[in-house]
Amino acid sequence: MSTHSFLNLREVRELIRQKKYAEAEKIINELMQEYPDDEYLNGALLDIYLKKGTYEKARVILDKMLQQDPENQFFLSRKGDLFAATNKYKQALKIFNNLYHANEDPHVGWRLAKVYYRMEKCDKAEYYFDQTLPKLYDKPELNFLGFLIKKALKKYDKAGDLIDSAINYSDQSEQYISQKMKFQTELKGMSAKQWEKSLKYSTLKSQPLVLRELAEKFLAESNYDEAEKYYQEILKSEDNIYYKSRLGYVYYKWEKYDLALEIFLDMPLKNFLIPSFIAMVIKSAKETGQQQKVIEHLQDLLEKNPEAKSLWGAIKKLSKTGCKNQ
C-alpha cells in the first residue's frame with residue numbers, strides 16, 4: 001500500500017473513532033478498488049461492520065481473509081468478536097481461549113473478561129481482567145469493564161478505584177463521571193428525585209450520559225413519565241439509536257405499546273436478534289393488533305438478511321395469533 005493510502009487509513013481510523021462510519025466506509029471502498037485484498041483495509045472495514053451491527057457483511061470479509069490466512073490472529077480475534085456480538089458465546093470463547101493460551105495476548109484476555117461478564121460468569125471475568133489490567137492499565141474502557149465486574153461481585157472499594165482510573169485515563173471522561181455518580185447514589189440508596197436535586201448546580205447536569213442515568217434511575221423506580229422526559233431531552237440534541245431504544249423500553253414498561261412498537265420497528269437488525277427484544281416486539285404487536293405489520297417488517301429484514309433465521313420463530317408466533325383490534 002502506498003504512503004498516501006496509509007495516510008488515508010489513518011484518517012479512516014479517526015473517523016471510526018468519531019463514529020462517522022459512512023465517511024470512513026467511503027474512503028475504504030475507494031482504496032479497495034486498487035488494493036482489494038489488503039489486510040489493513042479489510043480489517044478497518046470489518047471493524048466498521050462490527051460496530052454498525054452489519055454482521056453478514058462482516059462475516060463475508062472474515063471468510064475471505066481467513067481463507068487466505070487461516071492462522072491470522074487479527075481476523076481470528078475479530079471472528080470471536082462477531083460470535084460475541086451475535087450472542088454465540090461458546091463459539092467466541094473457543095476462539096478467544098485458543099488465542100489466549102497461545103501467547104497470553106492481553107487484548108484477547110480483555111475479550112475473555114468481557115464475554116464472561118456478559119454471560120454473568122463474573123468470577124471468570126474477574127480472573128481474566130486481573131491478568132490483563134497490569135499490561136493495559138491505562139485503557140479507560142478496560143478499567144470501566146473491571147469496575148462493572150467488581151461491582152457485580154460486590155467488591156465496592158475496588159470498583160471505586162477502577163472507575164476513578166477510567167476517569168483519570170480518559171480524554172472524554174464525562175461518561176465515566178456519570179457512572180461514578182450513579183454508583184455513589186446506589187451505595188447511598190439515594191432516590192432518583194434526590195439525585196436529580198443533587199445535580200441542580202452540577203456542570204454535568206446537561207450531559208447526555210448523566211441524563212441517561214437519571215432516566216434509568218426513574219425507570220427502575222417505575223416513574224415512567226420522568227424517564228420519558230429525560231430520554232426525550234437527550235434525543236432533542238443527540239439522535240442516538242441506543243437512547244431511542246431505551247425510550248421504547250420506557251414506553252413498553254409503561255404499557256404504551258403503540259409508542260413502543262413505533263420505536264422498536266425503527267431499530268437495526270442486531271436488536272431483532274436479541275431474544276428479549278423480539279419478545280417485546282411480539283407482545284407489543286399483540287397488544288396493539290399490529291401482528292401483520294410486524295410480520296411484514298420481519299419478512300423484509302429476512303429478505304435483506306437471510307442469515308437471520310431466528311426471525312422465523314417470531315413470524316410463526318405472530319402468525320398463530322388473531323388480531324386484537326380488527
Side-chain angles (χ1 to χ4, degrees), residues 1-2 5-6 8-100 102 105 107-108 110-112 114-115 118 241-242 266-275 277-278 297-315:
M1 191 186 296
S2 67
S5 299
F6 271 117
N8 285 343
L9 190 56
R10 184 180 297 175
E11 179 185 355
V12 164
R13 291 294 184 191
E14 179 59 24
L15 289 169
I16 293 174
R17 191 186 71 81
Q18 297 175 17
K19 300 182 180 180
K20 296 180 179 179
Y21 301 131
E23 294 177 43
E25 190 172 351
K26 182 180 178 183
I27 295 173
I28 293 173
N29 285 328
E30 289 173 356
L31 291 170
M32 287 185 74
Q33 291 179 14
E34 188 173 355
Y35 308 101
D37 297 321
D38 183 83
E39 182 176 324
Y40 298 104
L41 291 175
N42 278 278
L45 189 57
L46 175 59
D47 281 343
I48 291 172
Y49 289 151
L50 287 172
K51 291 178 186 298
K52 286 174 59 179
T54 315
Y55 298 133
E56 178 58 21
K57 290 184 177 180
R59 187 188 63 76
V60 170
I61 291 180
L62 282 166
D63 287 348
K64 179 180 75 171
M65 300 309 292
L66 287 172
Q67 187 174 18
Q68 293 178 15
D69 182 4
E71 301 302 319
N72 186 299
Q73 295 211 357
F74 173 84
F75 288 105
L76 281 172
S77 68
R78 293 307 187 272
K79 187 173 183 177
D81 289 340
L82 177 59
F83 281 135
T86 52
N87 302 323
K88 297 177 181 177
Y89 297 131
K90 287 184 179 179
Q91 294 96 317
L93 287 175
K94 183 177 180 180
I95 290 175
F96 292 150
N97 275 306
N98 287 339
L99 290 173
Y100 187 76
D105 182 343
H107 293 92
V108 178
W110 184 344
R111 286 170 161 86
L112 282 165
K114 186 185 296 184
V115 172
R118 288 174 63 178
I241 286 289
Y242 174 78
D266 198 35
M267 293 295 106
L269 171 67
K270 64 180 181 179
N271 287 60
F272 288 86
L273 301 178
I274 301 170
F277 179 83
I278 199 69
H297 184 79
L298 296 178
Q299 288 173 335
D300 184 57
L301 286 176
L302 270 165
E303 185 176 342
K304 295 174 182 174
N305 306 275
E307 78 283 358
K309 296 177 182 178
S310 62
L311 298 184
W312 282 115
I315 291 172

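Sequence positions, counted from 1, serve as the residue numbers for this chain.
- Separating the CD1 atom in I28 from the CD atom in Q33 is a distance of 13.0 Å, to the nearest 0.5 Å.
- Between the side chain of N42 and the backbone N or O of P36, at least one donor-acceptor pair lies under 3.5 Å.
- When only modelled atom types and interatomic distance are considered, D47 and Y49 share no side-chain donor-acceptor pair under 3.5 Å.
- Put simply, the side chain of L76 does not reach to within 4.5 Å of the side chain of N98, judged on heavy atoms.
- Side-chain atoms of R118 come within 3.5 Å of backbone atoms of A84 as a donor-acceptor pair (strictly under, hydrogens ignored).
- L311 is not listed as a side-chain neighbour of N305, based on a closest heavy-atom distance of 4.5 Å or more.
- K88 is linked by a side-chain contact (heavy atoms from CB on, under 4.5 Å) to F83, T86, Q91, counting only residues two or more places apart in sequence or in another chain.
- E307 pairs by the salt bridge (Lys or Arg N to Asp or Glu O under 4.0 Å) definition with nothing, not counting sequence neighbours.
- By the salt bridge (Lys or Arg N to Asp or Glu O under 4.0 Å) test, E56 pairs with R59, sequence neighbours left out.
- Note: N29 CG to L41 CG = 9.5 Å, rounded to the nearest 0.5 Å.
- Side chain to side chain, Q18 and E14 meet the donor-acceptor criterion of an N or O pair below 3.5 Å.
- Partners of D37 by salt bridge (Lys or Arg N to Asp or Glu O under 4.0 Å), not counting sequence neighbours: none found.
- Once rounded to the nearest 0.5 Å, the distance linking OG of S310 with CD1 of I315 reads 10.0 Å.
- Of the candidates K19, E23, E25, Y21 forms a side chain to side chain contact (heavy atoms under 4.5 Å, CB included) with just one, namely K19.
- Within the 4.5 Å cutoff, the side chain of R111 has no heavy atoms near those of the I95 side chain.
- Applying the 6.0 Å contact sphere to NZ of K52 captures more than 12 heavy atoms from other residues, nucleotides or ligands.
- With sequence neighbours excluded, no residue forms a salt bridge (Lys or Arg N to Asp or Glu O under 4.0 Å) with D105.
- By the ring-ring contact (aromatic ring centres under 6.0 Å, His included) test, Y55 pairs with no residue at all, sequence neighbours left out.
- Ring orientation note: the planes of F277 and F272 are nearly perpendicular, at an angle over 60° on the 30°/60° scale.
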